[in-house]
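Predicted, not measured: the structure shown is a model, and the values here were computed from it. Ligands are counted one by one from 1 in listed order, and the atoms in each one are counted from 1 as well.
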Amino acid sequence: MAIPLIIDTDPGVDDAFAIALAARSPEVELKGLTTVFGNVSLDLTTRNALRLLAYLGRTDVPVVRGAEGPSGAADVHGEDGLGGQAHTLPESDREIFGDDVVGLFRERVTPETVVVAIGPQTNIARALDAGVEFPRLIVMGGGIGVGNTTERAEFNFWADPAAARTVIRKGNPVVVPLNLTHRCIADTEFLAKVDQTLSNFTGTYRAYLENRSENTGIYIHDAVAVAEAIVPGTLRTKTYLLDVDDDGALVEGNHQVEVAEDCDWPALRAFMEQRLSV
Ligand code: BDR
Ligand code: CA
């Protein structure tokens with residue numbers, strides 16, 4: 001049986017790669033997308049989620065509009081969240097499935113369900129506070145001793161530190177941090193091989209990283225986290241004692257957290273290339 005999967009997301013260029021990877025992988029059955037503010041506003045992340053599903057031929061997947069908050073990564077993801085290319089996706093006139101994210105989790109999370117959270121952790125923290133239990137929660141966020149928004153804070157945790165803290169303390173997550181995702185680069189060669197509609201989203205992100213002399217591709221943080229839901233064991237984990245400080249940095253603490261430390265990137269890259277080619 002395919003693994004039921006719900007993705008909590010703020011699309012977002014790498015979110016788009018992650019959603020496409022899930023939609024094109026028979027090992028998982030996409031049961032819903034819940035949206036959150038983050039890379040751009042909640043209106044835009046929700047619209048992008050609907051349009052991506054229309055593009056991927058998955059208008060059966062419910063989209064629930066989640067938490068609003070201050071967005072702040074247009075320099076990386078473009079004003080529309082998809083590198084100025086959202087207009088290349090089909091417009092969706094489909095209704096969203098409401099705004100009760102906690103209700104969706106209550107209704108659709110079964111003991112087999114995996115939830116992958118690849119935006120600010122606001123929706124997930126609200127659900128945990130409301131008593132929802134996630135049998136398997138995979139979170140892209142944080143960095144041990146490294147940040148991408150401040151020196152020590154990663155964007156998703158920085159955007160809502162209190163929510164990230166709740167998830168670390170109560171959610172029993174597998175955390176996929178920058179330490180790993182910074183080694184998973186979708187470079188020019190990768191981007192030439194995969195679905196060009198997706199590759200075309202990456203211009204703003206690539207320019208941003210090139211300006212910082214980081215690399216000539218993009219980090220596909222969120223797709224790395226989703227890959228672990230598709231093929232469990234893709235990422236090798238180790239348990240750390242951690243917490244989240246008020247600035248959103250992942251720091252030493254008293255809470256046992258499973259952290260993804262390593263993967264066979266050449267193999268994972270080949271897997272992604274194959275699934276994301278059309
Ligand atoms: C995370 O922040 C967002 O900009 C990306 O989509 C990813 O989820 C990486 O720090
Ligand atoms: Ca994201």
Closest protein heavy atom to [atom], given as residue, atom name and distance to 0.1 Å:
atom                   : result
atom 6 (O) of ligand 1 : D14 OD1, 2.6 Å
atom 8 (O) of ligand 1 : D222 OD1, 2.6 Å
atom 3 (C) of ligand 1 : N39 OD1, 3.2 Å

In terms of ring plane angle, is the pair F134 and F105 parallel, tilted or perpendicular, where the classes change at 30° and 60°?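 It falls in the perpendicular class, over 60°.
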
Under a 4.0 angstrom heavy-atom cut-off, which atoms of ligand 1 come close to F155?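 Ligand 1 atoms under the 4.0 Å threshold to F155: 2 (O), 3 (C), 4 (O), 10 (O).
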
For ligand 1, which atoms, with element, lie under 4.0 Å from some heavy atom of E154?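 Taking each heavy atom of E154 in turn, ligand 1 has 1 (C), 2 (O), 9 (C), 10 (O) under 4.0 Å.
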
What I want to find out is whether [X] reaches [Y] closely enough, with some N-O distance under 4.0 Å, to be called a salt bridge.
X    : Y    : answer
R236 : D264 : no
R165 : D245 : no
D80  : R47  : no
R152 : D247 : no
R58  : E29  : yes

Atom CD of residue position E107 - does it have more than 12 heavy atoms of other residues, nucleotides or ligands inside 6.0 Å?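 Yes, enclosed.
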
I'd like the atom name of the N/O/S atom in D222 lying closest to the Ca ion (ligand 2).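 Nearest N/O/S atom of D222: OD2.
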
Please name the atom of D10, restricted to N, O or S, that is closest to the Ca ion (ligand 2).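 Going through the N, O and S atoms of D10 one by one, OD1 ends up nearest to the Ca ion (ligand 2).
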
Take V176 and T181, measure what side-chain contact (heavy atoms from CB on, under 4.5 Å) needs, and give me the verdict at the end. CA-CA 7 Å; V176 182; T181 62; 3.8 Å; yes

Under a 3.5 Å threshold, yes or no: a donor from one side chain and an acceptor from the other, between Y240 and E261?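 Yes, a side-chain donor-acceptor pair sits under 3.5 Å.
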
Any I118 heavy atom less than 4.0 Å from ligand 1: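 Within the 4.0 Å threshold, so yes.
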
With respect to the Ca ion (ligand 2), please indicate if D14 possesses an N, O or S atom at a distance under 3.0 Å.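 It does not: D14 brings no N, O or S atom closer than 3.0 Å to the Ca ion (ligand 2).
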
Specify side chain, backbone, both or neither for T149, according to which of its non-hydrogen atoms lie closer than 4.0 Å to ligand 1.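 Neither part.
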
From the options I220, V224, N156, select the one whose nearest heavy atom is closest to atom 2 (O) of ligand 1.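 Checking each option, the heavy atom nearest atom 2 (O) of ligand 1 is found in N156.
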
To the nearest 10°, how many degrees is the angle I118 O to the Ca ion (ligand 2) to D15 OD2?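 O of I118 and OD2 of D15 make an angle of 90° at the Ca ion (ligand 2), to the nearest 10°.
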
Is it the case that ligand 1 has an N or O less than 3.5 angstrom from some N or O of D10?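 Between D10 and ligand 1, no N or O pair is found under 3.5 Å apart.
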
Does the N or O separation between N148 and ligand 1 drop below 3.5 Å for any pair?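 Looking only at distances, the answer is yes, because the N/O contact criterion of under 3.5 Å is met.
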
